[in-house]
Amino acid sequence: MLDVKLIRERPAALEKALADKGGAELIRQIATRDEERRRRLREVEELKALRNRTSEAIGQAKRRGGDVSGEQARMRDVGERIKALTDELKAVDDAIQTLLVQVPNVPHASVPPGRSDADNVEVRRWGAPKEFPFPPRPHEEIGEALGVLDLDRAARVAKSRFAVLWGPGARLERALIQFMLDLHTRERGYTELWVPHLVNGETMLKTGQLPKFEEQLFKTVEADENRTLYLIPTAEVSLTALHSGETLLEATLPRRYTAFTPCYRREAGTYGKDMKGMYRQHQFDKVELVKIATPAQSYDELESMVADAEEVLRRLDLPYRVVERCAGDVGFSAAKGYDIEVWRPALRKYTEISSCSNYADFGGRRVDIRYRPAAGGKPDYCHTLNGSGLAVGRTLIAILENYQLADGTVAIPPALRPYAGGLERLTAFSV
RNA sequence: GGAGGGGUGACCGAGCGGCCGAAGGUGCGGCACUGGAAAUGCCGUGCACGGGUAAUCCCUGUGCCGCGGGUUCGAAUCCCGCCCCCUCCGCCA
């Protein structure tokens with residue numbers, strides 16, 4: 001959420017900055033409403049000041065035994081007017097709030113211009129895509145042939161876009177989770193948390209999921225609609241909302257949190273897209289990274305977060321590239337962000353496996369997390385960051401495809417073997 | 001789900017409907033004392049939103065004692081609804 005003051009003081013600059021992301025029209029509407037709001041606020045406050053002064057006087061006069069019935073009647077009228085004006089003010093406030101939560105974040109000055117992912121900029125590559133002496137197969141073929149990936153029965157139990165992993169397939173999924181968490185907590189300074197997978201509407205609003213992405217969320221049905229709970233689309237939601245409303249001491253920043261959770265997404269509007277295999281699922285596992293930092297720290301922390309996610313791929317020896325998202329593709333809440341894309345031999349291209357973003361003060365303000373500067377002075381909003389470290393299912397896909405062998409089996413990356421009970425190779429599985 | 005108790009500032013904890021942004025204590029910051037520290041003493045110590053302003057300093061107004069309503073000239077204090085926490089009972093992985 002942007003600072004209304006910014007909209008008030010520099011609407012033209014904002015409209016320009018948001019040209020690629022949309023939202024210029026919203027800025028204009030908010031600026032108009034904001035003027036109206038301040039006008040009414042002044043009226044109400046002047047009346048309240050009058051009431052406070054007079055009530056004080058009434059109290060004193062009464063104690064002296066004077067007649068105050070006339071003043072009381074006058075204040076009764078003032079009270080009515082205050083009530084009426086307050087209702088109007090509330091309506092304007094609500095309208096502004098409704099508009100404000102729809103305005104996307106302003107891209108950082110360093111973000112490359114552009115409107116779509118076609119304008120994203122490749123930052124670096126790591127590892128050389130392996131050449132196979134045979135036509136590499138896609139993961140769904142490999143997995144189903146080995147009997148470890150079962151999409152048909154998943155559709156029977158739930159619906160399409162769900163998966164069942166069997167035996168060593170499930171074991172590998174679990175190994176990856178453990179491997180990633182150990183790396184981040186033991187070597188990268190993250191604190192591991194275990195968090196709710198169902199959260200309330202307020203949390204979804206504060207983390208930027210609502211109202212814009214309502215149609216992407218699974219939710220519970222409650223007798224009282226206000227008590228609806230939503231399944232998290234990412235652990236970022238729970239981790240970021242943790243400190244909502246708190247003022248943290250600067251000395252305790254940056255906070256670096258990691259959590260493993262399943263993630264639930266409706267994936268509405270993606271019919272026919274990525275339908276093969278388990279690349280795009282309604283339920284998937286993810287190890288998430290979240291940071292809460294000072295404004296001075298956040299952009300360095302973004303770079304190191306990307307490096308933390310990259311390290312997972314390096315340990316697994318999976319070729320990848322890092323892409324910086326352009327202004328038009330950077331995401332609703334993000335000021336700056338990178339995607340990490342892993343090599344897919346069967347597709348002969350890189351596909352997304354992690355996305356790391358700095359939401360900056362936009363995120364901190366929306367979720368209401370501040371910090372008290374060590375040097376003294378007023379508290380200021382923290383910057384919030386998040387990134388996948390990594391999407392577990394997609395990592396499994398990358399392993400199946402990059403480590404596949406001519407005989408249809410799959411080698412297990414050495415770094416993962418201790419976590420997979422020493423398993424060195426994925427071979428045909430049957431019960 | 002049932003019965004009872006409770007939600008006040010960073011924390012603990014007072015608070016007759018007006019004199020309460022809120023006693024007292026702890027913590028924290030500064031100063032004094034000290035060779036240095038402890039102890040002690042003195043002073044200070046919220047946030048948001050308006051207005052005065054170019055200003056996050058200063059002055060001023062309004063609001064905030066779980067949240068939302070109501071009563072009243074006036075509510076931390078009275079009334080109603082909701083949320084959360086604690087204890088006991090029931091159910092239960």
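Order of the sequence lines sets the chain letters (A, B, ...), proteins ahead of strands, with each chain counted from 1.
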Which part of the nucleic acid does A:Arg39 contact within heavy-atom distance under 4.0 Å: base, sugar-phosphate only, or nothing?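 Touches nothing.
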Taking 4.0 Å as the cut-off, does a side-chain nitrogen or oxygen of [X] come that near to OP1 or OP2 on [N]?
{"X": "A:Arg53", "N": "B:rG61", "result": "no"}
{"X": "A:Arg42", "N": "B:rG52", "result": "no"}
{"X": "A:Arg40", "N": "B:rG50", "result": "no"}

Could you give the side-chain donor-acceptor pairs of residues 144-158 of chain A under 3.5 Å, partners two or more places apart or in another chain?
unit_1, atom_1, unit_2, atom_2, d
A:Asp150, OD1, A:Asp152, N, 3.4
A:Asp150, OD1, A:Arg153, N, 3.0
A:Asp150, OD2, A:Arg153, NH1, 2.8
A:Asp150, OD2, A:Trp166, NE1, 3.0

Charged N-O contact under 4.0 Å between A:Glu71 and A:Arg74: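 Looking at A:Glu71 and A:Arg74, the cut-off is met.
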Whole-Å distance between [N] [atom2] and [X] [atom1]?
{"X": "A:Glu202", "N": "B:rC84", "atom1": "CD", "atom2": "P", "answer": "12 Å"}
{"X": "A:Glu46", "N": "B:rG52", "atom1": "CD", "atom2": "P", "answer": "11 Å"}
{"X": "A:Leu41", "N": "B:rG51", "atom1": "CG", "atom2": "P", "answer": "8 Å"}
{"X": "A:Tyr381", "N": "B:rC47", "atom1": "OH", "atom2": "P", "answer": "12 Å"}
{"X": "A:Lys48", "N": "B:rG50", "atom1": "NZ", "atom2": "C1'", "answer": "12 Å"}
{"X": "A:Asn200", "N": "B:rC82", "atom1": "CG", "atom2": "P", "answer": "19 Å"}
{"X": "A:Asp93", "N": "B:rA48", "atom1": "CG", "atom2": "P", "answer": "17 Å"}
{"X": "A:Glu250", "N": "B:rG29", "atom1": "CD", "atom2": "C1'", "answer": "16 Å"}

Using the [atom1] atom as the point on both nucleotides, what is the distance between [M] and [N], in whole Å?
{"N": "B:rC31", "M": "B:rG21", "atom1": "P", "value": "32 Å"}
{"N": "B:rC59", "M": "B:rC78", "atom1": "C1'", "value": "37 Å"}
{"N": "B:rG15", "M": "B:rG9", "atom1": "C1'", "value": "14 Å"}
{"N": "B:rG4", "M": "B:rC82", "atom1": "P", "value": "15 Å"}
{"N": "B:rC11", "M": "B:rG46", "atom1": "P", "value": "15 Å"}
{"N": "B:rG17", "M": "B:rC65", "atom1": "C1'", "value": "15 Å"}
{"N": "B:rU77", "M": "B:rG6", "atom1": "P", "value": "15 Å"}
{"N": "B:rA22", "M": "B:rG29", "atom1": "C1'", "value": "22 Å"}

For nucleotides 65-81 of chain B, 5' to 3', base contacts (B), sugar-phosphate-only contacts (S) and non-contacts (-) with protein non-hydrogen atoms under 4.0 Å give ------S-BS-------
task = Indicate whether the side chain of A:Ser333 and that of A:Asn105 have a donor and an acceptor atom separated by less than 3.5 Å.
result =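 Not at all, the side chains of A:Ser333 and A:Asn105 share no donor-acceptor pair under 3.5 Å.
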Check: A:Arg325/A:Ser357 side-chain N/O donor and acceptor closer than 3.5 Å
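Side-chain D/A pair, A:Arg325 to A:Ser357: absent.
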Can you list the residues that meet the side-chain hydrogen bond (donor to acceptor under 3.5 Å, both in side chains) rule with A:Glu88, with sequence neighbours excluded?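 Residues passing side-chain hydrogen bond (donor to acceptor under 3.5 Å, both in side chains) with A:Glu88: A:Arg40.
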inquiry  = Can you list everything that forms a side-chain hydrogen bond (donor to acceptor under 3.5 Å, both in side chains) with A:Lys90? Sequence neighbours excluded, please.
reply    =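 By the side-chain hydrogen bond (donor to acceptor under 3.5 Å, both in side chains) rule, A:Lys90 matches A:Asp94.
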Problem - With A:Arg124 via salt bridge (charged side-chain N to carboxylate O under 4.0 Å, His left out) - residues at least two apart - result: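 A:Arg124: salt bridge (charged side-chain N to carboxylate O under 4.0 Å, His left out) contacts with A:Glu310.
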| Taking only residues two or more places apart in sequence or in another chain, which ones pass salt bridge (charged side-chain N to carboxylate O under 4.0 Å, His left out) with A:Glu424? |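 Not a single residue meets the salt bridge (charged side-chain N to carboxylate O under 4.0 Å, His left out) criterion with A:Glu424.
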pair [X]-[Y]: side-chain heavy atoms closer than 4.5 Å:
{"X": "A:Leu210", "Y": "A:Leu217", "answer": "yes"}
{"X": "A:Tyr230", "Y": "A:Thr220", "answer": "no"}
{"X": "A:Glu140", "Y": "A:Tyr279", "answer": "no"}

If you check every side-chain atom of A:Pro379, which of B:rC83, B:rG50, B:rC47 has the closest atom?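 Taking heavy atoms from C-beta onward, the closest nucleotide is B:rC47.
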Original post:
What's the closest nucleotide to the A:Arg38 side chain, out of B:rC83, B:rG50, B:rC47?
Top reply: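 Output: B:rG50.
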Under the rule of Watson-Crick or G-U wobble with both distances under 3.5 Å, where | means paired to another strand and [ ] a crossing pair, RNA chain B maps to ((((((((.[[[..)..(.....]]]((((((.......))))))(((((((.....))))))).[[[[[..)....]]]]])))))))....
For the backbone of A:Gly277 and the side chain of A:His139, can you confirm whether one donor and one acceptor N or O come within less than 3.5 Å of each other?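 It does not hold such a pair.
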Residue pairs passing the salt bridge (charged side-chain N to carboxylate O under 4.0 Å, His left out) test where at least one lies in residues 177-189 of chain A, sequence neighbours excluded:
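Those involving residues 177-189 of chain A are A:Asp182-A:Arg186, A:Glu187-A:Arg315, A:Arg188-A:Asp308, A:Arg188-A:Glu311.
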Just jot down the ring-ring contact (aromatic ring centres under 6.0 Å, His included) partners of A:His108, sequence neighbours excluded, or say none.
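If we apply the ring-ring contact (aromatic ring centres under 6.0 Å, His included) test to A:His108, skipping adjacent residues, the hits are A:Tyr299.
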Identify each donor-acceptor pair in which a side-chain atom of residues 195-206 of chain A lies under 3.5 Å from a protein atom, sequence neighbours left out, and give them as a table.
unit_1, atom_1, unit_2, atom_2, d
A:Asn200, OD1, A:Glu202, N, 3.3
A:Asn200, OD1, A:Thr203, N, 2.9
A:Asn200, OD1, A:Thr203, OG1, 3.1
A:Glu202, OE2, A:Lys206, NZ, 3.0
A:Lys206, NZ, A:Ser244, OG, 3.0

Quiz item: Going by heavy atoms closer than 4.0 Å, what residues in residues 360-371 of chain A are next to RNA chain B?
Solution: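 Residues of residues 360-371 of chain A under 4.0 Å from RNA chain B: A:Arg370.
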Next on the checklist: For A:Phe332 and A:Phe213, take the angle between the two ring planes, folded into 0 to 90°, and tell me which bin it lands in: parallel under 30, tilted 30 to 60, perpendicular over 60.
Outcome noted: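 Perpendicular, since the angle between the ring planes exceeds 60°.
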So which protein N/O to nucleotides 54-59 of chain B N/O distances come out below 3.5 Å?
none

